[in-house]
Amino acid sequence: MSILSNLFADVRALFFPAVCAVCGEPLTESETTLCTLCRITAPLTGYEAEAYNPVLAKFEGLIPVEHASAMLFFQQGSGWQQLIHHFKYHNRWRIAYEMGRWYGTRLKQSGLYEDVDWVIPMPLHPLKQYRRGYNQATYLAEGIARELGVRVARRAVKRSRNTSSQARTPHRERAANVEGAFAVRRPEQLRGCHLLLVDDVLTTGSTITSLVEAILAVVPDCRVSVAALAASRKELRVER
């Protein structure tokens, strides 16, 4: 880094200090995205290290899933919800990427995801992505893929129908809302592969289920695993 670049970095740090994406406290030079305290106290599930866990159980009997996990328990009204909200709606995509790297490290350490061939982000409809400017799941996927040492299949699947937001759709209507919403663009890319589908928040599981059904209908010989950044205890029926 040049002297001029160092100077600009120092000036920026002086007037716009980096802060923790969860608690808002200033970060030290050795910290990235999250402060050490928030990392230590994060509501981690540990599910990425469990072959059978409540996330996998959620899809049992619905779709064939090899492995499934969520890194965090979603906490309504917390700084963790704010973190997700920022990278999902406020152009803070770097947070999604760094969270993906943290998650990817944990997935790699578990040993359960070592034979993944492609990481696939949950696709947005082109109109919705145009309005938002990016797909936060893509940055999560890129962070995970970097740590797993595999590639991201950015265009292998698409959302062919512009559905309403699942978060604003009543639970009983969510499955119908995403039914037939996905299509496979490049089946030859996925044949015989182990795919890791990535999304930010897992609720009813309807969106993931619809995507997996679309993939297996065209590429029945692939294996599918799921990685959501967060999931609520209520949806997973996990006691506090």
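A quick note: this is a predicted structure, and the numbers were derived from the prediction, not measured.
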**OP:** Spell out, as yes or no, whether a donor-acceptor pair under 3.5 Å connects the side chain of Asp221 to the backbone of Arg191.
**Re:**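 No.
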
Subject >> Any donor-acceptor N/O pair, Thr45 side chain to Ala70 backbone, under 3.5 Å >> reply: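 Judged by distance alone, yes, a pair lies under 3.5 Å.
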
Subject >> Other ILVMFWY residues reachable from Tyr97 by side-chain steps of under 4.5 Å >> reply: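 Noted: Tyr97 shares its cluster with Trp93, Tyr134, Tyr139.
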
Subject >> Face-on cation placement of Arg39 at Trp102 ring, 6.0 Å and 45° thresholds >> reply: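 Positive - Arg39 is close enough to the ring of Trp102 and near enough to its axis.
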
**OP:** Report yes or no: is the cationic atom of Arg92 (NZ for Lys, CZ for Arg) under 6.0 Å from the centre of the six-membered ring of Phe87, at an angle within 45° of the ring normal?
**Re:**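 Geometry flag: not set, cation outside 6.0 Å or 45°.
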
**OP:** Considering only NZ, NE, NH1 and NH2 on the basic side and carboxylate oxygens on the acidic side, decide whether Arg106 and Glu48 come within less than 4.0 Å.
**Re:**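 Counted as a salt bridge, because a side-chain N and a carboxylate O are separated by less than 4.0 Å.
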
**OP:** Please step through side-chain contact (heavy atoms from CB on, under 4.5 Å) for the pair Phe182 and Thr207, ending with a clear verdict.
**Re:** CA-CA 9 Å; Phe182 301 98; Thr207 307; 3.7 Å; yes

**OP:** Please report the C-alpha distance between Val55 and Phe59 in whole Å, then the side-chain angles of each, then the deciding distance to 0.1 Å, and finally whether the side-chain contact (heavy atoms from CB on, under 4.5 Å) criterion is met.
**Re:** CA-CA 7 Å; Val55 179; Phe59 297 106; 4.3 Å; yes

Subject >> Nearest atoms (heavy-atom pairs only) where Ala42 meets Leu72 >> reply: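 Closest approach of Ala42 to Leu72: CB-CD2, 4.3 Å.
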
**OP:** Could you tell me whether the side chains of His194 and Asp117 share a donor-acceptor contact shorter than 3.5 Å?
**Re:**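 Absent: no donor and acceptor within the cut-off.
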
**OP:** Compare all side-chain heavy atoms of Ile215 with those of Cys222 and state whether any distance is below 4.5 angstrom.
**Re:**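 Counting from C-beta outward, Ile215 and Cys222 do come under 4.5 Å.
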
Original post:
Hey, are the side chains of Arg159 and Met122 touching, using non-hydrogen atoms and a 4.5 Å cut-off?
Top reply: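 A side-chain contact under 4.5 Å exists here.
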
**OP:** Answer yes or no: does atom CZ of Arg155 have more than 12 heavy-atom neighbours from other residues, nucleotides or ligands under 6.0 Å?
**Re:**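 Result for CZ/Arg155: open.
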
